[in-house]
K.L.:
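Sending over a structure as structure tokens; questions will come in a sec.
All ligand and atom numbering here is 1-based and tracks the order in the structure. Computed from a predicted structure; not experimentally measured.
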Amino acid sequence: MILKIGGSVLTEKDGDETVAGVFDDVLATVAREAPDDLVLVHGAGSFGHPHAERHGIDERTASVEGAYETHAAVARLNRQVVETLNSHGVDAVPVHPSSCGWRDGGTRFQTGAVESLRDAGFLPVVHGDVVADAHGGASVLSGDELAVRLAEEDERIGMCTSAGGVLNEEGNRLGRVSSVEELTELGDGTDDVTRGIRGKVERLLSAPSGGYVFGADEIDAYLGGNDVGTLVRR
Ligand SMILES: Nc1ncnc2c1ncn2[C@@H]1O[C@H](COP(=O)(O)OP(=O)(O)OP(=O)(O)O)[C@@H](O)[C@H]1O
Ligand SMILES: C=C(C)CCOP(=O)(O)O
């Protein structure tokens, strides 16, 4: 099972490398409810996006300048995530995509470390990161893309965000989204370098079985195998 917890949940996105007030509670829930086959992915929030934006690095634009600075910031968040999970009794281990992912026209990611850790009883904790580009420099690889790539056939994918789902123009949560065209003005924002909710929906639509978008208070239900939030599926 794949769970991606967004930076909008774990951090104050407007702050400067600040974890959110719910940080400990959310990770305590994950530690308590995690099934044996869980892979946890987290986003960058206020740890990665400000650095990436300042240096003009996104999913398509590669740059050497700022690559390490951006990676180091997300790695600081990852360390806090892993240490908090372990303080709640889980054997969590970090996996940094900068060391096992790259781009060469397409996105490549060696899944061996994640699979071996999971099989050995650890909880692998992967994150949105900066990866090398074979054409030069480094670009951003989002946690959303990683979550979809790491899922094996028919594996459940869940993405937890502060909005609690995909919302319509009135701010009400949609039960299902089957195409990007269904996104309203609200979801049209290019509010960060990985294109916010639009990027997330596009990623989930690329997964054969789709996935769920839901809120932090539904993590336990998702981990328990229930249908939660917005189902995003072609
Ligand atoms: N129509 C919409 N439905 C849901 N969320 C929306 C919509 N329009 C804008 N948003 C914003 O998009 C956010 C989700 O995208 P974003 O990429 O910022 O989240 P994230 O994955 O938690 O962050 P990160 O990229 O740091 O991991 C929501 O928290 C919400 O504020
Ligand atoms: C900005 C960086 C380094 C990673 C972005 O990953 P995301 O927060 O999952 O979109």
K.L.:
What atoms in ligand 1 come closer than 4.0 Å to a heavy atom of Gly6?
P.N.:
20 (P), 21 (O), 22 (O), 27 (O)

K.L.:
Apply side chain to side chain contact (heavy atoms under 4.5 Å, CB included) to the pair Leu77 and Val19, showing each step before the final yes or no.
P.N.:
CA-CA 8 Å; Leu77 175 62; Val19 298; 4.1 Å; yes

K.L.:
Would you mind listing which atoms of ligand 1 come within a distance below 4.0 Å of any non-hydrogen atom of Val166?
P.N.:
3 (N), 4 (C)

K.L.:
Just to check, does Lys13 reach to within less than 4.0 Å of ligand 1 when the distance is taken from its heavy atoms?
P.N.:
yes

K.L.:
Judged by atom type as modelled, is there a donor-acceptor pair below 3.5 Å linking the side chain of Arg32 to the main-chain atoms of Asp220?
P.N.:
no

K.L.:
In ligand 1, which numbered atoms sit nearer than 4.0 Å to a non-hydrogen atom of Ala163?
P.N.:
4 (C), 5 (N), 28 (C), 29 (O), 30 (C)

K.L.:
Distance only, no hydrogens: is a donor on one side chain within 3.5 Å (strictly under) of an acceptor on the other, for Arg149 and Thr107?
P.N.:
no

K.L.:
Any heavy atom of Gly143 closer to ligand 1 than 4.0 angstrom?
P.N.:
no

K.L.:
Using a strict 4.0 Å cut-off to heavy atoms of Gly45, name the atoms of ligand 1 that fall inside it.
P.N.:
26 (O)

K.L.:
Side-chain contact test, heavy atoms from C-beta onward, threshold under 4.5 Å: evaluate it for Phe47 versus Leu10 and give yes or no.
P.N.:
no

K.L.:
For Glu115 and Thr111, test the side chains for any donor-to-acceptor distance below 3.5 angstrom and give the result as yes or no.
P.N.:
yes

K.L.:
Which atom pair, heavy atoms only, marks the closest approach of Asp133 to Ser139?
P.N.:
OD2-OG, 4.2 Å

K.L.:
Would you mind telling me if ligand 1 is within reach of the side chain of Lys200, the backbone, both or neither, using heavy atoms under 4.0 Å?
P.N.:
side chain

K.L.:
Give a yes/no verdict on whether any heavy atom in Gly165 is under 4.0 Å from an atom of ligand 1.
P.N.:
yes

K.L.:
Thr161 pairs by side chain to side chain contact (heavy atoms under 4.5 Å, CB included) with which of Val213, Thr230, Val166?
P.N.:
Val213

K.L.:
Please determine if Ser8 has a nitrogen or oxygen closer than 3.5 Å to a nitrogen or oxygen of ligand 1.
P.N.:
yes

K.L.:
Between atom CG of Leu3 and atom CD1 of Ile157, what is the distance when rounded to the nearest 0.5 Å?
P.N.:
11.5 Å

K.L.:
If you measure from each non-hydrogen atom of Lys4 to ligand 1, which part falls under 4.0 Å: side chain, backbone, both or neither?
P.N.:
side chain

K.L.:
Could you tell me the separation between the CG atom of Asp16 and the OG atom of Ser46, rounded to the nearest 0.5 Å?
P.N.:
7.0 Å

K.L.:
Which ligand 1 atoms, with their elements, are less than 4.0 angstrom from a heavy-atom of Gly196?
P.N.:
15 (O), 16 (P), 17 (O)

K.L.:
Consider every N or O of Asp144 and every N or O of ligand 1, then say whether any pair is closer than 3.5 Å.
P.N.:
no

K.L.:
Over 60° means perpendicular and under 30° means parallel, so classify the ring planes of His127 and His42, tilted if in between.
P.N.:
parallel

K.L.:
Less than 3.5 Å apart, any donor N or O on the side chain of Glu17 or His51 sitting next to an acceptor on the other?
P.N.:
yes

K.L.:
Would you name the heavy atoms of Ser162 and Ser8 that are closest together and state the gap between them?
P.N.:
N-OG, 3.0 Å

K.L.:
I want to know if ligand 1 touches Cys160 in the polar sense, i.e. an N/O pair below 3.5 angstrom.
P.N.:
no

K.L.:
For Ala44, counting its heavy atoms only, list the atoms of ligand 1 lying under 4.0 Å from any of them.
P.N.:
26 (O), 27 (O)

K.L.:
Using heavy-atom distances, let me know which of Val201, Leu77, Ile197 sits nearest atom 7 (C) of ligand 1.
P.N.:
Ile197

K.L.:
Which N/O atoms of ligand 2 sit under 3.5 Å from a protein N/O, and at what distances?
P.N.:
unit_1, atom_1, unit_2, atom_2, d
ligand 2, 8 (O), Ala44, N, 2.8
ligand 2, 8 (O), His49, NE2, 3.0
ligand 2, 9 (O), Lys4, NZ, 3.2
ligand 2, 9 (O), Gly143, N, 2.8
ligand 2, 10 (O), Thr194, OG1, 2.6

K.L.:
Can you tell if the side chain of Leu223 reaches within under 4.5 Å of the side chain of Pro35, non-hydrogen atoms only?
P.N.:
yes

